[in-house]
A.B. asks: 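The structure is given below, and queries will be raised subsequently.
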Amino acid sequence: MSDRKHWDAEVAIIGAGPAGTAAAAHLRQLGVKDVVLVDRADFPRDKTCGSGVSPGDRVLKRLGVWDEVAAASYFIKGIRIVTPGGRESWQSAGDLAQAVVCNRRVLDNLLLERAKSFRVTFVPHFTASEVLMDGDRTAGFADRKGRTVRARYTLVAGGSHCRVGVDPARPRRVIQAIMGWWDNVPFRPHHVEMIFDKAIAPYYGWLFPESETRVNIGITYEDPVDAGQVRTSADKRNARALFASFLDKYYARRLENAQQLGPLKGHPVVYSYELANLVSPGRVVIGEAGLMTHPATAEGIYQGMHSGMLGAEAVADILGGREDESTALMRFEQRCRRAFQISFWGGAAFRVAAKTPALDWLVKLGEQPLVGFASAKLMAHM
């Protein structure tokens, strides 16, 4: 580990997940010369996530890393849906892949290597603990070891756990997830599975294939909440018991001869229906740190990369003298709303539908060939 204590940059970024690395690489593509990216981990590192990327190929192609990601991914062309009422439907989008599954250990490292290829300075084992201020302006950040990064602009991409550089008063909604990995589970090639069981409504369980032989299986669910917060620890649901019941109900026979790889892992996902308070002088919040996670699917990789690139474009326009700061930052928030808001509102409606017979009706309608084709494409892009 380096003994260096201080870095100066035009732009500094907290967090080297998909949002932070996409922002870092895109800043260099746009001609910003001095970018410092920090993360509490070194890479490659494991990340608990279903690893579905949809429709991320557009973003990955713009970053110039699509070929590498595609080579390491499993392509998805259809979906199995099981409704709360027990209706099962297989829907296909034909031969055209609508999404990919790429293990986060691989995906995140490929994105970081792309950023480093542009000579982005990467500092691992750096856990930002406070922002540095110059009057009312964010001027970088520091860790508890006394190391500092000072920058003209700070992008906050620290994910669900991030409390540095984000608005503490902004309402946060929390989804819980628990998952595991198995080899030799029978599955239909190039299809994901989404199971909407009443025990975890309005969320779902899933099977995502990562290769010809390996799958990840998990569930998302909510703890009892009061104004978006768990009331007491006693109110929290037992994740392992809930997951064991789900596996026994839907996958017991298919797991009989499978090999589980490592322990089960859990993680929270945070989201909001409204996109706001993402900017202030010298500061831009991107990805899950900005609560840009889909409220129905809990997917955030695409939103993270896309918002990271939008943040990079706003900052690059300011540094390049093409737009004043207030205009560029306001436009960044507007672009995020245009990109995600309708989908998030749709997710809110879907959450309601998932608790009613509506999902059964929709799936029954989707069994018509043309509707099923459209449904598979819609679910891949929701």
Side-chain angles (χ1 to χ4, degrees), residues 47-50 52 81-87 158-163 166-180 193-208 216-252 263-277 287-300 303 340-341 343-360 362-363 379 382:
K47 177 71 173 178
T48 305
C49 180
I81 299 176
V82 178
T83 71
R87 180 178 292 274
S160 63
H161 297 285
C162 186
R163 295 295 186 272
V166 299
D167 180 1
R170 187 178 175 198
R172 295 159 54 93
R173 298 172 181 264
V174 182
I175 308 166
Q176 302 293 344
I178 183 171
M179 61 183 294
E193 302 181 19
M194 296 179 71
I195 298 174
F196 294 88
D197 186 84
K198 291 179 181 178
I200 52 178
Y203 289 102
Y204 62 96
W206 74 84
L207 180 150
F208 286 179
N216 71 68
I217 305 174
I219 59 172
T220 52
Y221 66 94
E222 286 182 319
D223 284 318
V225 294
D226 181 7
Q229 299 296 323
V230 174
R231 291 188 289 270
T232 69
S233 60
D235 289 322
K236 293 184 179 180
R237 305 173 77 179
N238 186 314
R240 289 182 177 274
L242 194 62
F243 191 32
S245 177
F246 173 83
L247 291 176
D248 185 61
K249 184 175 182 179
Y250 293 102
Y251 289 105
L264 301 178
K265 295 184 178 181
H267 69 103
V269 178
V270 295
Y271 72 97
S272 175
Y273 293 120
E274 301 294 334
L275 301 179
N277 302 329
E288 193 173 2
L291 309 185
M292 285 179 271
T293 307
H294 199 281
T297 66
E299 196 252 328
Q303 291 93 331
F340 309 128
Q341 191 70 80
S343 176
F344 288 2
W345 286 337
F350 188 87
R351 283 168 51 92
V352 174
K355 292 183 176 181
T356 73
L359 189 57
D360 293 85
L362 288 171
V363 168
M379 290 294 290
M382 187 175 68

A.B. asks: If you apply the rule side-chain contact (heavy atoms from CB on, under 4.5 Å), what do you find for Val270 with Glu288, and how did you get there?
C.D. replies: CA-CA 7 Å; Val270 295; Glu288 193 173 2; 3.7 Å; yes
A.B. asks: Can you name the residues that form a ring-ring contact (aromatic ring centres under 6.0 Å, His included) with Tyr204, not counting sequence neighbours?
C.D. replies: Phe196
A.B. asks: For the residue pair Asp223 and Val174, establish whether any side-chain heavy-atom pair is separated by less than 4.5 Å.
C.D. replies: no
A.B. asks: If only atom types and distance count, is the side chain of Asp167 paired as donor or acceptor with the main-chain N or O of Asn277 below 3.5 Å?
C.D. replies: no
A.B. asks: Can you name the residues that form a side chain to side chain contact (heavy atoms under 4.5 Å, CB included) with Ala349, not counting sequence neighbours?
C.D. replies: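 With neighbours one apart ignored, the set is empty.
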A.B. asks: Hey, what do you get for NZ (Lys265) to SG (Cys49), rounding to the nearest 0.5 Å?
C.D. replies: 12.0 Å
A.B. asks: For Gly52 versus Glu299, what's the shortest heavy-atom pair and its separation?
C.D. replies: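 Gly52 and Glu299 have their closest heavy atoms at O-OE2, 3.6 Å.
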A.B. asks: Restricting to side chain to side chain contact (heavy atoms under 4.5 Å, CB included), what partner residues turn up for Ala289, sequence neighbours left out?
C.D. replies: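 Ala289 satisfies side chain to side chain contact (heavy atoms under 4.5 Å, CB included) with Val156, Cys162, Val166, Val285 once adjacent residues are dropped.
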A.B. asks: Quick one, Arg237 and Pro224 - any side-chain contact, counting heavy atoms below 4.5 Å?
C.D. replies: yes
A.B. asks: As an exercise, state the distance from CE of Met179 to CG of Leu264, rounded to the nearest 0.5 Å.
C.D. replies: 10.0 Å
A.B. asks: Find the distance between CD1 (Ile81) and CZ (Arg87) and round it off to the nearest 0.5 Å.
C.D. replies: 12.0 Å
A.B. asks: Looking only at side-chain N and O atoms, does Ser343 offer a donor or acceptor that is under 3.5 Å from a partner on His294?
C.D. replies: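 There is such a pair between these side chains.
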A.B. asks: In Å and rounded to the nearest 0.5 Å, what is the CD1 to CG distance from Ile219 to Leu242?
C.D. replies: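 Interatomic distance, Ile219 CD1 to Leu242 CG, rounded to 0.5 Å: 4.0 Å.
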A.B. asks: Listed by chain and number, what are the side chain to side chain contact (heavy atoms under 4.5 Å, CB included) partners of Gln341, not counting sequence neighbours?
C.D. replies: Glu274, Leu275, Arg337, Phe344, Trp345
A.B. asks: Apply ring-ring contact (aromatic ring centres under 6.0 Å, His included) to Tyr250 and list each qualifying residue two or more places apart in sequence or on a separate chain.
C.D. replies: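 Tyr250: ring-ring contact (aromatic ring centres under 6.0 Å, His included) contacts with Phe246.
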A.B. asks: Tyr251: what forms a side-chain hydrogen bond (donor to acceptor under 3.5 Å, both in side chains) with it, not counting sequence neighbours?
C.D. replies: Glu193
A.B. asks: How close do Pro268 and Ser160 get, counting heavy atoms only, and between which atoms?
C.D. replies: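 What the structure gives for the nearest pair is O-OG, 3.6 Å.
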A.B. asks: Can you tell me how far CD of Gln176 sits from OH of Tyr221, rounded to the nearest 0.5 angstrom?
C.D. replies: 5.0 Å
A.B. asks: Using the salt bridge (charged side-chain N to carboxylate O under 4.0 Å, His left out) criterion, which residues pair with Arg351? Sequence neighbours excluded.
C.D. replies: Glu222
A.B. asks: Find out whether Val82 and Met194 are in side-chain contact, i.e. whether some heavy atom of one side chain is under 4.5 Å from a heavy atom of the other.
C.D. replies: no
A.B. asks: Look only at the side chain of Arg173 and the backbone of Leu291, and say whether a donor-acceptor pair between them is shorter than 3.5 Å.
C.D. replies: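 No, Arg173 side chain to Leu291 backbone: no donor-acceptor pair under 3.5 Å.
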A.B. asks: Can you find a pair of side-chain heavy atoms, one from Ile175 and one from Tyr203, that are under 4.5 Å apart?
C.D. replies: yes
A.B. asks: Enumerate the residue pairs fulfilling salt bridge (Lys or Arg N to Asp or Glu O under 4.0 Å) with a member in residues 240-250, sequence neighbours excluded, ordered by first and then second residue.
C.D. replies: Asp197-Lys249
A.B. asks: Using every non-hydrogen atom in the two residues, find where Ala354 and Ala201 come nearest and quote the distance to one decimal.
C.D. replies: O-CB, 4.4 Å
A.B. asks: State which residues pass side chain to side chain contact (heavy atoms under 4.5 Å, CB included) with Lys198; sequence neighbours excluded, sorted by chain then number.
C.D. replies: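 Pro84.
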A.B. asks: Does any part of the side chain of Thr220, heavy atoms only, come nearer than 4.5 Å to the side chain of Trp206, both counted from C-beta?
C.D. replies: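 Yes, their side chains come closer than 4.5 Å.
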A.B. asks: Under the ring-ring contact (aromatic ring centres under 6.0 Å, His included) test, which residues partner Tyr271, sequence neighbours left out?
C.D. replies: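 Testing Tyr271 for ring-ring contact (aromatic ring centres under 6.0 Å, His included), a comparison that skips the adjacent residues, returns Tyr273.
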